[in-house]
K.L.:
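Starting off with a structure, shown below.
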Amino acid sequence: MKLITIVHCWSAPRSRSTAFLYSWEARGSDCVAIDEPLYREWLIQKGDSVARPYLDGIIKGVPPADSPDDEDPEIWKRELLSLNERIAQAAEKLPTNGIVFCKHMAKHADLYDFETEFKMDSIELIHRHLLLIRDPVDVLSSWSVAGGVHGDNPTSDEVGIIPLMVIYSKLESRMDGMQPVVVESDDLVNDPEGTLFWVCERLSVPFHQSMLTWECGKHECDGPWARWWYANVHKSSGWESSTKDYYPETKVYRTMDPLLMPALKAAFPAYTFLSQLTLSYSQRGPDSSKIYEDPRNESLLVWIGAPGRGRLLPRDMAGVSPWDSIVQGGDGCWEGIRVYRGKILSLDKHLRRLFRSAKALGYENVHTKEEVMDAIFRTLAANGMRDHAHMRLTLTRGEKCTSSMNPKFNVYGTTLIILPEWKPTEGATTYDNTSGIALITASQRRNSPATCDSKIHHNNMINNILPKIQANLAGVADALMLDLEGFVTETNATNIFMVDDEGILLTPHADHCLPGITRETVITLAKELGIPTEVRRVSLAEFYAAEEVFTTGTMGELTPVTRIDGRVIGEGVRGEVTKRLQEAYKKLPEREGWATPIPAFADS
């Protein structure tokens, strides 16, 4: 039995959809291209609500009286055929493995039966669907230039993105394994060969080099409305020349009418979703299987929002406003918290430090502790996290009404961001807590309270990032940072401890570093274990001569350091004091008063 693939291309009414039609027509003998076979039925359904100069001719199948002398009456007559009749007619003519390409407008989709697609007795038809999308800003900008579409109001329906989302939903719900192929029209312009090859591969049809170019002028597949609509695309002979739209130049900078903003706002969420299914989106970075330590981290829900207006969003659709203070000036404070066996360790201490930081920064209209805790539990529940998880809480001064560093323009309240991740205590993104890590000494000095006080757990982290770059380039885990007088403060990411040759546990004063919660916990545990401890200024030389060194932090816990600046620390392995403290730390979630239980999650 002959096999024919029917490609239904759904799009918005712009020139690129016609260029795409010509691209498929250019394949030659193995493809028949059909231009908007549902248009006549749509016009009949709309009746007098739409004005078209060719309306009567399309409905009756005869050319208007003012048609040019060379107008072929057959192109009007064929509009009397239904979609299925035109597909059957084309399929009969095509060789086996041929293609019928149907260009549709998304607003015509109500006239198509997605559940019971057309079949033929003598020919096997495989229906595939393709959604051609374009940034709605570009669509509406070109609409402004073209002066609308024969008086149509520029509704979100005409933009086409919302109807395309409806089509996607219908196709996805069929559960037949035939997922629609989503194509960003800019991809066709920027890389026509690569994009067409990708499209054909997903449609299981061969790519033809001939799809890259076509003849200028009228085309056999043109609908009879072509002389009203296709003047510009008739000037094109390939994807590069098809980009001109309503301008004679290829490179254009367009103004968008503010009156079109409602249509844009309505269309953008659907466009954001669909664009993530395109070729260019898939090529934005490495394969996800290679960048996520835990594959579950690709599909997380994160929390973002102002007081009373927070919500959960998929990680790849989440974002803060570019007007937010965190973007405008790095104006935020943060905490990292860990989840162990159904509990959050030291949650109360972390939240108290978060609110102290917010108060020191002078934030107003701040989330309450109850709001933050509720957001934490909702985020954990949504992601099913009760163990082996880490959350980063960020509280920003909030969104501004204008671009400025001035806090008086923050009028919407603080923004809370919660980023949960599945994260083991040891791994690629944390540290090796058994074999240990190596450090170098950073060339940058740790900021003092005279410049930027580290007791505010702030997001101005360039002083940490530059040393981390040094560590990355040196091939070590982190960089040790000194104060302005040359004493050790901490690393770029953690607090630090050492054990001297008398067995005394030493850690620097928190004058030039964050007084970490894990640091405080270790000091408490050392006292319980009878380990003598001193908090004082410690020099780099003392660290070089130490018997043991380890770092502390919420994410990495207690991590042994075996080398600093290439010098071996102690025996070059994890020391006994470090081991004892690690073992005591791991028991904390089960100890009274150290961890907050996570409420039970509902199954539905």
K.L.:
What pairs with N459 under side chain to side chain donor-acceptor pair (under 3.5 Å), at least two apart in sequence or on another chain?
P.N.:
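N459 satisfies side chain to side chain donor-acceptor pair (under 3.5 Å) with no other residue.
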K.L.:
Can you list every pair that meets salt bridge (charged side-chain N to carboxylate O under 4.0 Å, His left out) and has a residue in residues 273-285, with sequence neighbours left out?
P.N.:
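Residue pairs with at least one partner in residues 273-285: there are none.
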K.L.:
To the nearest 0.5 Å, how far apart are CG in D324 and OG1 in T396?
P.N.:
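So the CG of D324 and the OG1 of T396 are separated by 3.5 Å.
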K.L.:
Between T521 and T518, is a side-chain hydrogen bond (donor to acceptor under 3.5 Å, both in side chains) present by the stated rule, with each step listed?
P.N.:
CA-CA 5 Å; T521 300; T518 310; 5.7 Å; no
K.L.:
Closest approach of L514 and N495, non-hydrogen atoms and distance?
P.N.:
O-ND2, 2.9 Å
K.L.:
Sub-3.5 Å donor-acceptor pair from the side chain of R378 to the main-chain atoms of R311, do we have one?
P.N.:
no
K.L.:
If a pair satisfies side-chain hydrogen bond (donor to acceptor under 3.5 Å, both in side chains) and one of its residues is in residues 464-475, list it, with sequence neighbours excluded.
P.N.:
S443-Q470, K468-D478
K.L.:
Checking ring pair (Phe, Tyr, Trp, His ring centres under 6.0 Å) between F114 and each of H127, H129, H8, H104, which is the one that passes?
P.N.:
H129
K.L.:
Check step by step if side-chain hydrogen bond (donor to acceptor under 3.5 Å, both in side chains) holds for S325 and N410.
P.N.:
CA-CA 8 Å; S325 289; N410 289 87; 2.8 Å; yes
K.L.:
Can you name the side chain to side chain donor-acceptor pair (under 3.5 Å) partners of S17, sequence neighbours left out?
P.N.:
none
K.L.:
Using 0.5 Å steps for rounding, measure from the CZ atom of F377 to the CH2 atom of W303.
P.N.:
13.0 Å
K.L.:
Could you work out, with side chain to side chain donor-acceptor pair (under 3.5 Å) as the rule, every residue matching H457, not counting sequence neighbours?
P.N.:
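Expected list: E335.
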K.L.:
Would a distance-only check, ignoring hydrogens and angles, find a side-chain to backbone donor-acceptor pair under 3.5 Å from S346 to K349?
P.N.:
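No: the side chain of S346 does not pair with the backbone of K349.
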K.L.:
For the ring pair (Phe, Tyr, Trp, His ring centres under 6.0 Å) test, which of Y168, F268, Y281 pairs with F273?
P.N.:
Y168
K.L.:
Does any N or O in the side chain of Q328 come within less than 3.5 Å of the main-chain N or O of P322, such that one atom is a donor and the other an acceptor?
P.N.:
yes
K.L.:
Side chain to side chain donor-acceptor pair (under 3.5 Å) with E298: which residues, sequence neighbours excluded?
P.N.:
S288
